[in-house]
Amino acid sequence: MKLNYLAVAASLGLTAVAQPTGTCATPSKPDTFGLVAIRSGDAVQYAGFNAALRSIFAGLPSQNATCDGTDDGYATFYLKDGALFLYGPNEQQLYVDRSGMGQGKIGYTVSGETGPRNGERTGWAINEDNHLQFDGSDLIACPNSIDGAYSIWASAGIDNPAGNSNCVGIAARVEKEAEPTSCSYSTSQ
Ligand SMILES: *[C@@H]1O[C@H](CO)[C@@H](O)[C@H](O)[C@H]1NC(C)=O
């Protein structure tokens, strides 16, 4: 009798232990990635993407993000239903403004801000070549931005957006990050 009881208790115990581990899934992390500019023969080649001052850059010497850990100097992104986000403790979502005013401006808003009137939130995708595109088009890098970096634009059919010059089309190569650093990217200087 006693042995039987213990056997039953043990089997119940095992069931009780097995159930919570099965049902309590660990919070899922998004598939995060960094981006690298690809344009062979141009100085922008292999420049990593950064996020700062509500804009996206490549080749910034310092993005000055506030991170959980050390800022590695590069922006970490993830996609959700065609929308693009920066990985961090609060929501930081990208938009593209292809209007006459925006000319392909890529910016980000924080914590549910609405963003510009003509801002588009979805249209981002990784193509079969592992390049991040917006609305099926590659991105644009314009030299001589802040701290000698390139500013990054979406294509609005304008080769040199917003009065820039010597801009080049780039592929934004996706580099998966298994252990991303969570950062709040700067919103002002
Ligand atoms: C980062 O901080 C340094 C020092 O204050 C400044 O010179 C630089 O312009 C900042 N960069 C950005 C992108 O804000």
Side-chain angles (χ1 to χ4, degrees), residues 30 32-39 42-79 83-99 101-116 118-121 124 131-134 137-156 158-177 179-189:
T32 50
F33 56 88
L35 293 168
V36 174
I38 300 297
R39 170 72 188 226
D42 191 274
V44 77
Q45 171 85 330
Y46 300 138
F49 278 36
N50 331 95
L53 312 170
R54 296 180 179 272
S55 298
I56 301 300
F57 300 91
L60 260 186
S62 176
Q63 62 184 0
N64 300 332
T66 304
C67 302
D68 179 12
T70 312
D71 177 10
D72 67 6
Y74 300 104
T76 302
F77 303 87
Y78 64 93
L79 279 172
L84 185 64
F85 297 85
L86 291 160
Y87 183 67
N90 300 307
E91 188 180 276
Q92 304 167 97
Q93 189 178 5
L94 285 94
Y95 66 81
V96 172
D97 184 348
R98 295 189 289 184
S99 70
M101 283 282 287
Q103 305 204 348
K105 162 80 192 162
I106 302 175
Y108 56 89
T109 56
V110 298
S111 300
E113 290 170 349
T114 49
N118 296 302
E120 296 172 84
R121 296 293 197 175
W124 295 99
H131 298 154
L132 181 74
Q133 298 186 315
F134 183 77
S137 293
D138 279 333
L139 305 182
I140 295 167
C142 299
N144 305 313
S145 185
I146 295 166
D147 297 341
Y150 292 80
S151 55
I152 302 297
W153 302 74
S155 175
I158 304 163
D159 293 341
N160 289 288
N164 282 287
S165 47
N166 303 317
C167 301
V168 291
I170 56 160
R173 192 171 72 195
V174 173
E175 304 276 349
K176 290 213 186 299
E177 281 182 45
E179 291 182 14
T181 306
S182 169
C183 297
S184 293
Y185 296 90
S186 70
T187 51
S188 64
Q189 248 156 341

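Since we're looking at a predicted model, the values are computed, not measured. Along the sequence shown, the residues carry numbers beginning at 1. Atoms within a ligand are numbered from 1 in the order they appear, just like the ligands themselves.
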Trainee: Using heavy atoms and a threshold below 4.0 Å, how should the contact between L60 and ligand 1 be classified: side chain, backbone, both, or neither?
Mentor: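 For L60, the contact with ligand 1 is made by the side chain alone.
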
Trainee: Between Y78 and F85, how do the two ring planes meet: parallel, tilted or perpendicular, split at 30° and 60°?
Mentor: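 Parallel, since the angle between the ring planes stays under 30°.
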
Trainee: Looking at D159 and C167, would you say the former's side chain and the latter's main chain have a donor-acceptor pair under 3.5 Å?
Mentor: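 Not confirmed, D159 side chain does not pair with C167 backbone.
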
Trainee: Would you be so kind as to tabulate the donor-acceptor pairs closer than 3.5 Å made by side chains of residues 140-152, with sequence neighbours excluded?
Mentor:
residue	atom	partner	partner atom	Å
Y150	OH	V44	N	3.4
S151	OG	W153	NE1	2.8

Trainee: Return each pair, listed once, that meets side-chain hydrogen bond (donor to acceptor under 3.5 Å, both in side chains) where at least one residue sits in residues 83-93; pairs must be two or more places apart or across chains.
Mentor: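 Residue pairs passing side-chain hydrogen bond (donor to acceptor under 3.5 Å, both in side chains), neighbours aside: none found.
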
Trainee: Heavy-atom contact under 4.0 Å between S186 and ligand 1?
Mentor: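 Checking ligand 1 against S186, which is what was asked, there is no heavy-atom contact under 4.0 Å.
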
Trainee: N/O to N/O below 3.5 Å, does that happen between Q63 and ligand 1?
Mentor: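 No - when backbone and side-chain N and O of Q63 are compared with those of ligand 1, no distance drops under 3.5 Å.
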
Trainee: Look at atom 10 (C) of ligand 1 and find which of L53, N64, I146, N50 reaches it with the closest heavy atom.
Mentor: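 Ranked by closest heavy atom to atom 10 (C) of ligand 1, first place is N64.
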
Trainee: To the nearest 0.5 Å, how far apart are CG in L139 and CZ in F134?
Mentor: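 Answer for the CG-CZ pair, L139 versus F134, is 10.0 Å.
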
Trainee: Going by the order shown, which atoms of ligand 1 are within less than 4.0 Å of some heavy atom of S62?
Mentor: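 Near S62, the atoms of ligand 1 are 11 (N), 12 (C), 13 (C).
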
Trainee: Report yes if D147 has an N/O atom closer than 3.5 Å to an N/O atom of ligand 1; otherwise report no.
Mentor: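 Looking only at distances, the answer is yes, because the N/O contact criterion of under 3.5 Å is met.
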
